[in-house]
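Working notes, structure below.
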Amino acid sequence: MAEIPTKYKHHEVEDKWRRKWEEWATYRWDPTLPREQTFVVDTPPPTVSGSLHVGHVFSYTHQDLIVRYQRMIGKNIAYPMGWDDNGLPTERRVQNLLGIRCDPKLPYDPNWKPEKKGKKDKSIDEVSRRNFIEACGVVTAEDEKAFEHLWRHLGLSLDWTDQYATIDDHCRGISQLSFLDLVERGEVYNVESPTMWDIDFKTAVAQAEVEDRPRQGLFYDIRFGVEGGGELLIATTRPELLGACIAVVAHPDDERYQPLFGKFAVTPLYGARVPILAAEHADPEKGTGILMVCTFGDAMDVEWWKTSGLALKQLIGRDGRVLPANFGEAPFESVDAAAAQRAHDEIAGLFVSKAKKRVAELLAEAGSLPGWTGVALVGDPRPTDQMVKYYEKGDRALEFVPTRQWFVRVLEHKDELLAQGDKIQWHPAHMKTRYSHWVDGLNQDWCISRQRYFGVPFPVWYVVGADGEPDFAQPIYADKSNLPVDPLTDTPPGYSDDQRDAVGGFTAEPDVMDTWATSSLTPQIQSHWGTDDERHKKLFPMDIRPQAHDIIRTWAFYTIVKAWMHSGEIPWYHVVLSGWILDPDRKKMSKSKGNVVTPDDLLVEYSSDAVRYWAARARLGTDTAFDPAVFKIGKRLSTKIFNASRFVFMQLEAAVGDGDNPGVESITEPLDLALVERMRTVIDQATRAFDSFDYATALQVIEDSFWSFCDHYLELVKLRSYAEEDTPGRRSALATLSWTLGAFLRLLAPFVPFVTEEVWSWRFADDGRPSVHTADWPVIAEVEAVPHPDHEETYQAAVEVLTVIRGTKTKAQKSLRWLVSNLEIRGSERHREALSPVLEDVLRAGNVAADGVTVSDGMGLEGQRFEVIVELADEMPE
RNA sequence: AGGCGCGUAGCUCAGUUGGUUAGAGCGCAUCCCUCACACGGAUGAGGCCCGCGGUUCGAGUCCGCGCGCGCCUACCA
């Protein structure tokens, strides 16, 4: 047996066990075992963006608690680590960190090496796509190390031999395989269509990545002419799109405008003839009840335009600037082309915000309406609160820009996708509603193409037509057996590389996939879908998907989509959702708010066990305020475990030395039987809680009973176990201490893996199974041989009397060891019977004079079992 | 504007299918260095369970209506 230190030093202990676990391969998945014995976790691959905060620690601990329990009930755990290192966050981070931008037209420079610039160096270097991707690789490798260090520090029981990165060959291959499979199934298509577009990132974005932000906008009231006489007043927040106006619409039932339907309006400044039409989406209550439709001011415009058959007048470019246009030529016809051109030239090349102001100025000038002498702008612009769509990572509002994009068909599968959601168990259950709402509310297919550089390329080329342009109707797909490919450097099947970009040859699809197109495949990535059937069958569908609730509409949704499309299955049986960490003002902790607490200092100050304890107290789906007080409680628990264990081990060592711990068959004393009985309940409750992923309830039950064990049982049993001769009473005490502590260590192991492992190693570990984390989760059958106590309330009766004795001493300001000269206990027959078998233990613990005790018939006080009268000795003998 | 969740001690949170006098920890107060532990321990004071109605013998718990908070959808005329 090892030397037991007198103080618990968490740094040393944690370091030791981190190394041991690695050496022992404690957390390794065994690929030879069948699916039924396996518990598979779809570990969230964190976005490798260099920022770590306590939110990460929080949710990853939740997974680990569940995993550690499953491991102890005998499951073979598949708990890999993935890294989400492709996509925009990485690109952006690399750009900022290294001061580079990607220009795909540049040739690769083999001598270029990524280097961090000084903080004051704001210069930007243009590099080729391949150089850029290499730079991303270097930066993410560093970030991944930081994450790995944190995870290991925290004691996550990940299998570090099983890792993937979403940009690695394996993941690119699976992503491309998925794409090709969807092509074969007809679930993917590419089309040129107005798409939500971020003007800074210069890429299309999907519905799920869009958020509405409140903005203070201005309503401009603008006069439009009506052909044949009269005029209209249009209220708009986007006067800069006046040149893109294709129609004016009002509600079909709106009597004010019914006479105008079928006529034409004439726009100010631009002099465009546009039809006045009825449209259901026009709200008579809003603005003037009549509005202009532009290409494109908002999603409604897009939808309406698609069914209108009217020409497209695109005036916003991919960079967010107003495009030039030739007025007088289709589709920019004008009753006064020269005036229109003059007006438009004023704003062409400006960003939207500037163009808006300039157009407003022009509208305020006399003669802004062709053929009119009046001014088009009526009154001052009126402030209005509007909600504007932004890319969630973007800083400027999205525009609708017609571009060619790849889409996955989801709109036509809503019913099936809802049904898939019903087959999955959500924890907490009400989170399923969020999924259902999201699916219900879908209004666009999933746009999976991004006009970026760092991502998984589409395995696609196009035939180059006689006009030298790609023929998008003739895509050439990569061979499935030959993935991954990069169409920019690889040659499509049946072609040679000298045909690249040549007439009659091929050209590469330059886009990369949405990062979710890859991370939606984390189960398949892990199971090696399509490349290793045997492994796939052992890992898919998975048991749990742990994640935060804010990405139900993205990660959970897309993963369900892919699993359903590829194999008609659900990707996992359970989704377990962690809440958020809130700062003390109850705001979500996030990098952008600057209220982030970094976890490293907490781990050092309070210990990994203490931080895990804090996370474990939060129930699934519940947001939790960041509260350092909870770390302290966790630390106190660890210390208590250490000290209580020291006590037990000192007793055991004194009695049996290095010999075997006494077995449960020696447990005979009534107090000990009562404790074992309580442990049966604890085991039962904790097990049931863990079986439904409710680690927080399990912790509460275990922790409460552990403190009771320390505060009451240990005090009651102490003197019996101190006895120097080998009596049945002492043997029973030692056997109970040994078994109960062993059970507690196992029950607590998922929560506080370091201190429990340390203590376990002193006396419980055996050579075959050295770790508490691979020991068996406690079961009631272990104490089958231990009889039930005669009275249900024995333990509580003992605690009650002892509490009164302690209270009396405390109120008298005496030490707890002070002698009780007289003790009178009055209670009912039932209660006296419950107490009597353990009275001796109580008297010893309370230091009651043997000849001063009377127990008599009576009634308890105020809901108590007993009336206890305590008389303290005048002086403490000796 | 709809939907979901929440509102319990100064703070952080438990409160199973409605059932005696509503719990824990932190914090606070007072005391105790007793051979596991002062990185302790004992004891104690703190509650109109958001409000108003209703169902019931009985409501923190169920129903309705409010109020407040968070989130998810929707909303650029």
Side-chain angles (χ1 to χ4, degrees), chain A residues 4 6-10 212-215 217 219-220 234-238 241 248-250 279 281-283 286-294 296-301 384-389 397-399 428 430-438 440-441 443 549-550 552-553 579-580 582 584 586-588 607 614 617-619 621-630 632-633 635-651 685 696-697 700-701 703-704 707 710-711 714-715 718 722 803 805-818 847 862-863:
Chain A
I4 299 177
T6 52
K7 295 277 180 196
Y8 181 57
K9 293 178 181 159
H10 68 261
D212 292 324
R213 296 185 198 162
R215 196 168 75 171
F219 255 131
Y220 296 85
I234 301 277
T236 181
T237 58
R238 302 209 61 178
L241 287 174
V248 168
V249 300
H281 74 270
D283 180 355
K286 207 166 172 181
T288 54
I290 188 159
L291 59 132
M292 66 172 186
V293 178
C294 305
F296 295 97
D298 61 21
M300 213 51 239
D301 286 346
T384 174
D385 293 321
Q386 49 180 189
M387 294 300 281
V388 181
K389 287 186 194 305
L398 292 172
E399 295 293 345
H430 66 81
M431 288 292 180
K432 190 177 84 176
T433 313
R434 295 209 186 173
Y435 171 81
S436 307
H437 282 175
W438 175 252
D440 270 333
N443 55 36
H549 53 67
D550 53 335
I552 288 174
R553 68 178 186 173
W580 283 334
L582 309 175
R586 303 207 71 85
K587 295 275 180 287
K588 185 195 174 189
S607 81
W614 160 75
R617 291 240 306 202
R619 309 182 115 70
T622 307
D623 297 343
T624 300
F626 179 80
D627 182 3
V630 182
K632 285 190 197 158
I633 306 167
K635 192 170 180 189
R636 220 158 65 85
L637 176 65
S638 312
T639 307
K640 199 67 175 178
I641 292 169
F642 181 86
N643 284 320
S645 302
R646 273 188 74 224
F647 167 73
V648 173
F649 289 130
M650 286 165 70
Q651 301 308 309
Q685 289 177 353
T697 295
Q700 198 179 340
V701 168
E703 189 191 4
D704 285 353
W707 281 105
C710 293
D711 295 343
L714 290 186
E715 294 304 323
K718 231 175 210 178
Y722 281 149
T803 299
I805 295 172
R806 284 169 172 172
T808 308
K809 291 177 181 179
T810 298
K811 279 171 207 152
Q813 308 200 347
K814 302 290 193 231
S815 94
L816 293 179
R817 209 178 40 163
W818 200 269
N847 198 21
E862 293 174 29

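Values in this document were obtained by computation on a predicted structure and should not be read as measured data. All values below were derived from every heavy atom in this structure, side-chain atoms included, with hydrogens, water molecules and symmetry-related copies excluded. Chain letters run A, B, ... following the sequence lines, proteins first and then strands; every chain starts at 1.
At the heavy-atom level, A/Trp614 lies nowhere under 4.0 Å from the strands shown. When heavy atoms are screened at a 4.0 angstrom cut-off, A/Gly287 is found touching no nucleic acid atom at all. Residue A/Cys710 is classed as a base contact, given a heavy-atom separation below 4.0 Å to a base. Using a 4.0 Å heavy-atom cutoff across all strands shown, A/Leu398 reaches at least one base atom of the nucleic acid. Among the protein residues, A/Lys718 comes within range of the nucleic acid bases, having at least one heavy atom under 4.0 Å from a base atom. Residue A/Asn847 is out of contact with every strand shown, counting any heavy-atom pair closer than 4.0 Å. Contact annotation for A/Thr236: backbone-only contact, meaning every heavy-atom pair under 4.0 Å involves sugar-phosphate atoms and none involves a base. Contacts of A/Gln685 with the nucleic acid, taken as non-hydrogen atoms under 4.0 Å apart, are absent. At the heavy-atom level, A/Trp818 lies nowhere under 4.0 Å from the strands shown. When heavy atoms are screened at a 4.0 angstrom cut-off, A/Thr803 is found touching the sugar-phosphate backbone but no base atom. Within the nucleic acid shown, A/Tyr722 comes within 4.0 Å of sugar-phosphate atoms alone, with no base atom in reach, counting heavy atoms only. Among the atoms of the strands shown, none is found under 4.0 Å from any heavy atom of A/Asp301.
A sub-4.0 Å separation between OP1 or OP2 of B/C32 and a side-chain N or O of A/Thr810 is absent. For the OP1/OP2 pair of B/U73 and a distance below 4.0 Å, the side-chain nitrogens and oxygens of A/Arg553 include at least one atom meeting the criterion. Under 4.0 angstrom from either OP1 or OP2 of B/A38 there lies at least one side-chain N or O belonging to A/Lys7.
Under the Watson-Crick and G-U wobble criteria, each requiring two contacts below 3.5 Å, nucleotide B/C62 is paired to B/G54. Nucleotide B/G2 has B/C72 as its partner under the Watson-Crick or G-U criteria, with both atom distances under 3.5 Å. For B/C49, there is no paired nucleotide, since no Watson-Crick or G-U wobble pair has both relevant distances below 3.5 Å.
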For nucleotides 26-28 of chain B, list the nitrogen or oxygen atoms of the protein found under 3.5 Å from its nitrogen or oxygen atoms, one pair per line.
unit_1, atom_1, unit_2, atom_2, d
B/C26, OP1, A/Arg636, NH2, 2.7

Taking N or O atoms only and anything under 3.5 Å, show me the protein contacts with nucleotides 2-5 of chain B, one pair per line.
unit_1, atom_1, unit_2, atom_2, d
B/G3, O2', A/His437, ND1, 3.4
B/G3, O2', A/His437, NE2, 3.1
B/C4, O2', A/His430, ND1, 3.4

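Contact of A/Lys640 with B/C37 (side chain to base): a donor-acceptor pair of N or O atoms is detected under 3.5 Å. Taking 3.5 Å as the limit, the base of B/A42 and the side chain of A/Glu715 contain no donor-acceptor pair of atoms between them.
In this structure, the side-chain hydrogen bond (donor to acceptor under 3.5 Å, both in side chains) partners of A/Thr697, at least two apart in sequence or on a different chain, are A/Arg619, A/Asp694. Here A/Arg817 pairs with nothing under the salt bridge (Lys or Arg N to Asp or Glu O under 4.0 Å) rule; sequence neighbours left out. Residues satisfying the side-chain hydrogen bond (donor to acceptor under 3.5 Å, both in side chains) test with A/His10, not counting sequence neighbours, are none. With sequence neighbours left out, the salt bridge (Lys or Arg N to Asp or Glu O under 4.0 Å) criterion links A/Lys718 to A/Glu715. Residues that satisfy the side-chain hydrogen bond (donor to acceptor under 3.5 Å, both in side chains) test with A/Arg646, not counting sequence neighbours, are absent from this structure. Applying the salt bridge (Lys or Arg N to Asp or Glu O under 4.0 Å) criterion to A/Arg238, with sequence neighbours excluded, gives A/Glu240, A/Glu399. Every residue two or more places apart in sequence or in another chain that forms a salt bridge (Lys or Arg N to Asp or Glu O under 4.0 Å) with A/Lys432 is listed here: A/Asp422.
Here the P atom of nucleotide B/U34 and the CG atom of A/Asn643 are 17 Å apart, to the nearest Å.
Here the side chain of A/Lys809 pairs a donor or acceptor atom with the backbone of A/Leu816 at under 3.5 angstrom.
As rounded to the nearest Å, B/C50 and B/A9 have C1' atoms that lie 15 Å from one another.
Both A/Arg806 and A/Gln651 sit near RNA chain B, but only A/Gln651 has its closest nucleotide nearer the 5' end. Position along RNA chain B of the nearest nucleotide to A/Ser815 versus A/Thr622 favours A/Thr622 as the more 5'-ward residue.
Base orientation at B/G58 is anti, since its O4'-C1' glycosidic dihedral falls outside 90° of 0.
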